[in-house]
Amino acid sequence: MTQTLNHLFQELLDAESIFKNKEVLRHSYTPDVLVHRDEQTKELATILVSALRGETPSNILIYGKTGTGKTAVTRYVGKELENMSEKLNVKCTVIYVNCEIIDTQYRLLANLARHYGEEIPMTGWPTDQVFQKFKEAIDAEEQVLIIILDEIDKLVKKGDDALYNLSRINTSLKNARVSIIGVSNDLKFTEFLDPRVKSSLGEEEIIYPPYNADQIRDILYQRAEMAYNPGVLDSMVIPLCSALAAQEHGDARRALDLLRVSGEIADRQNEHKVYEEHVRQAQDKIEVDRVVEVVRTLPTQSKLVLFSIVYLTKNTDRSKKAITTGEVYMLYKKLCKIVDLDILTQRRITDLLSELDMLGIINSAVVSKGRYGRTKEISLAVSENSTYEVLLEDYKLSQLKDLQLKIGYF
DNA sequence: CCTCCACCGGAACGTGAGGAGT
DNA sequence: ACTCCTCACGTTCCGGTGGAGG
């Protein structure tokens, strides 16, 4: 048995991979050269350079949609700044925090304090005590501390106390200076902020526009050179990835995913080269994965609503008019009885439908049909069969497997 | 031009879970 | 251990509405 397994893995290892270094295509990777982001890089560096003179740089807010290079540029500049400060013998520290993971004031402060070797328990201490510890730790010597808060909007949603305290920290420090860089992909998130925090944080603002197809193409060429062995990419692969990603509002992350998954698919098919066809398959796979993930994590009620829509799509003939809210609600009520769920009001279902629309799982539009009222016309935006499968995975909904028998006439 | 359908979607309120403060 | 607050999720109530048919 062991021998067979050894053999098995040996074979797979020996098979020549088309990848040279796949890590380069992951989101977490920060390249040494950032293509098409010179302007933003320079702007950020110009603001931060005062740290090297021992002054406090302005606080900065950085906006831009996903995959526009915000994080990459910020991390890159941070790294360079630290390198430079070492050379110049100026004490300057950059701490990167991803607020999606560290999303409460307590965890944030504990995390920062731990950077300075403070022992903070996961829970239990009063928040201001942790804050105090942190202040003492950084104030121990003269230095400039730059805190990068990535996905800062996530932190704000749980209250802006953390930001309020942090933005005022300088007033109670003797030696150290702190400046904050907030990175957000939500342009409007400052609306939820206390005006004082808002003005303090937003001393400088940098906006990252989406990449266009040409720019994405350049980025991909740069990464592909590091990620793939020479000559394994068909000439159409990168232009196609760029074009597809440019349609998704210039998301470079999406483009890198496409490029990586295309390679993985080709690899799995034992091809020695990646072709256009693989990119198309990758596109489908990414989309399916996304939908599966979204649908699987839906609340049960939403799943049931979605199930109703899938059922209606499957069981009404195409020529018939689109599905309406009323139809969905009628079926939904019946299904609720079968699977033993509370029946929500139609008002609530309207909201659930809007959410599904926002998630891109269904398309809906309000249409007036004159005498016959006004309603949402609903259609499924994703593959009905794979959605159906995923929905049946739910413990409650699994009872709906052989539905025809149970509601028959519908 | 008016009516009136069948729903949309805003506002205010109720409830229970989970945190923070004391 | 206790209260107080906030938040997500739902409900109730209701004013609003585009346009086919009269």
Side-chain angles (χ1 to χ4, degrees), chain A residues 99-113 120-134 151-166 168 186 188-189 191-195 197 294-309 312-313 316 320-337 339-359 361-381 394-397 410:
Chain A
C99 301
E100 199 174 11
I101 304 162
I102 296 162
D103 58 356
T104 64
Q105 172 165 224
Y106 186 90
R107 276 187 229 160
L108 172 63
L109 290 171
N111 190 280
L112 291 174
I120 310 277
M122 287 304 284
T123 167
W125 283 21
T127 311
D128 24 336
Q129 193 179 338
V130 184
F131 194 54
Q132 197 57 42
K133 269 275 180 198
F134 170 62
E151 318 255 352
I152 194 171
D153 37 336
K154 299 275 164 29
L155 189 64
V156 174
K157 287 203 180 106
K158 307 221 172 169
D160 55 7
D161 290 9
L163 294 176
Y164 181 70
N165 290 332
L166 273 180
R168 295 174 32 111
D186 183 357
K188 296 179 299 178
F189 94 100
E191 284 174 17
F192 307 111
L193 283 178
D194 184 312
V197 182
V294 171
V295 172
R296 190 173 283 152
T297 54
L298 240 34
T300 314
Q301 290 286 1
S302 299
K303 281 185 186 169
L304 194 57
V305 174
L306 181 57
F307 186 94
S308 309
I309 298 167
L312 288 171
T313 314
T316 41
K320 222 186 121 193
K321 66 221 179 301
I323 302 165
T324 66
T325 309
E327 287 176 285
V328 172
Y329 190 59
M330 293 260 284
L331 177 56
Y332 160 83
K333 279 198 288 189
K334 285 183 186 168
L335 297 181
C336 272
K337 285 186 190 142
V339 300
D340 191 27
L341 274 175
D342 294 340
I343 299 175
L344 303 183
T345 51
Q346 182 153 350
R347 178 69 188 83
R348 183 90 253 272
I349 300 305
T350 306
D351 284 344
L352 294 184
L353 285 170
S354 303
E355 278 170 32
L356 290 174
D357 190 17
M358 296 275 281
L359 289 168
I361 301 175
I362 63 172
N363 296 317
S364 73
V366 277
V367 179
S368 175
K369 302 205 215 168
R371 172 108 302 183
Y372 306 103
R374 207 163 178 255
T375 182
K376 269 199 177 96
E377 282 198 339
I378 300 160
S379 64
L380 212 52
D394 187 280
Y395 165 71
K396 285 257 180 190
L397 301 215
F410 204 92

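In what follows, chains carry the letters A, B, and so on, assigned in the order in which the sequence lines appear, proteins first and then strands, with residues in each chain numbered from 1. In this text the structure is predicted, and so the values were computed from the model without any measurement.
One can place CD of A:Gln301 at 14 Å from C1' of C:dA8, the figure rounded to the nearest angstrom. When the P atom of B:dC7 is taken as reference, atom CD1 of A:Ile349 falls 13 Å away, rounded to whole Å. In this structure, CG of A:Leu353 is placed 18 Å from P of B:dA6, rounded to the nearest angstrom. Per the geometry, CG belonging to A:Asp351 stands 9 Å off P belonging to B:dG9, to the nearest Å. The separation between A:Ile323 atom CD1 and B:dA6 atom C1' is 17 Å, rounded to whole Å. Separating the CD atom of A:Glu355 from the P atom of C:dG10 is a distance of 9 Å, rounded to the nearest angstrom. Rounded to whole Å, the distance from CD on A:Gln346 to P on C:dC14 is 17 Å. Rounded to whole angstrom, the span from the CZ atom of A:Arg347 across to the C1' atom of B:dA6 amounts to 15 Å.
Checked by atom type, the side-chain pair A:Tyr332/A:Glu327 shows no donor-acceptor distance below 3.5 Å. Of the N and O atoms on the side chains of A:Ser354 and A:Lys376, at least one donor lies less than 3.5 Å from an acceptor on the other residue.
Annotation: side chain of A:Val305 is not in contact with side chain of A:Leu344 (no heavy-atom distance under 4.5 Å). Counting heavy atoms from C-beta outward, A:Asp342 and A:Cys336 have side chains that stay 4.5 Å or more apart.
Taking side-chain N and O atoms only, A:Arg374 has no distance below 4.0 Å to OP1 or OP2 of B:dC7. Using a 4.0 Å cut-off, no side-chain N or O of A:Lys376 falls inside it from OP1 or OP2 of B:dA6. Checking the phosphate oxygens (OP1, OP2) of B:dC8, a side-chain nitrogen or oxygen of A:Thr350 falls inside 4.0 Å. Within the 4.0 Å cut-off from OP1 or OP2 of C:dG10, not a single side-chain nitrogen or oxygen of A:Thr345 is found. Neither OP1 nor OP2 of B:dC7 sits under 4.0 Å from any side-chain N or O of A:Ser368.
In this structure, A:Leu352 reaches neither bases nor backbone, as no heavy-atom distance under 4.0 Å exists between it and the strands shown.
The distance from the NZ atom of A:Lys333 to the CD1 atom of A:Ile343 is 7.0 Å, given to the nearest 0.5 Å.
Between the base of C:dG19 and the side chain of A:Arg371 there is no donor-acceptor pair shorter than 3.5 Å.
Comparing B:dC7, C:dG10, B:dG9 by their closest approach to the side chain of A:Thr324 singles out B:dC7.
Each of A:Tyr372 and A:Ser354 lies near DNA chain B, and the nucleotide nearest A:Tyr372 is the one positioned closer to the 5' end.
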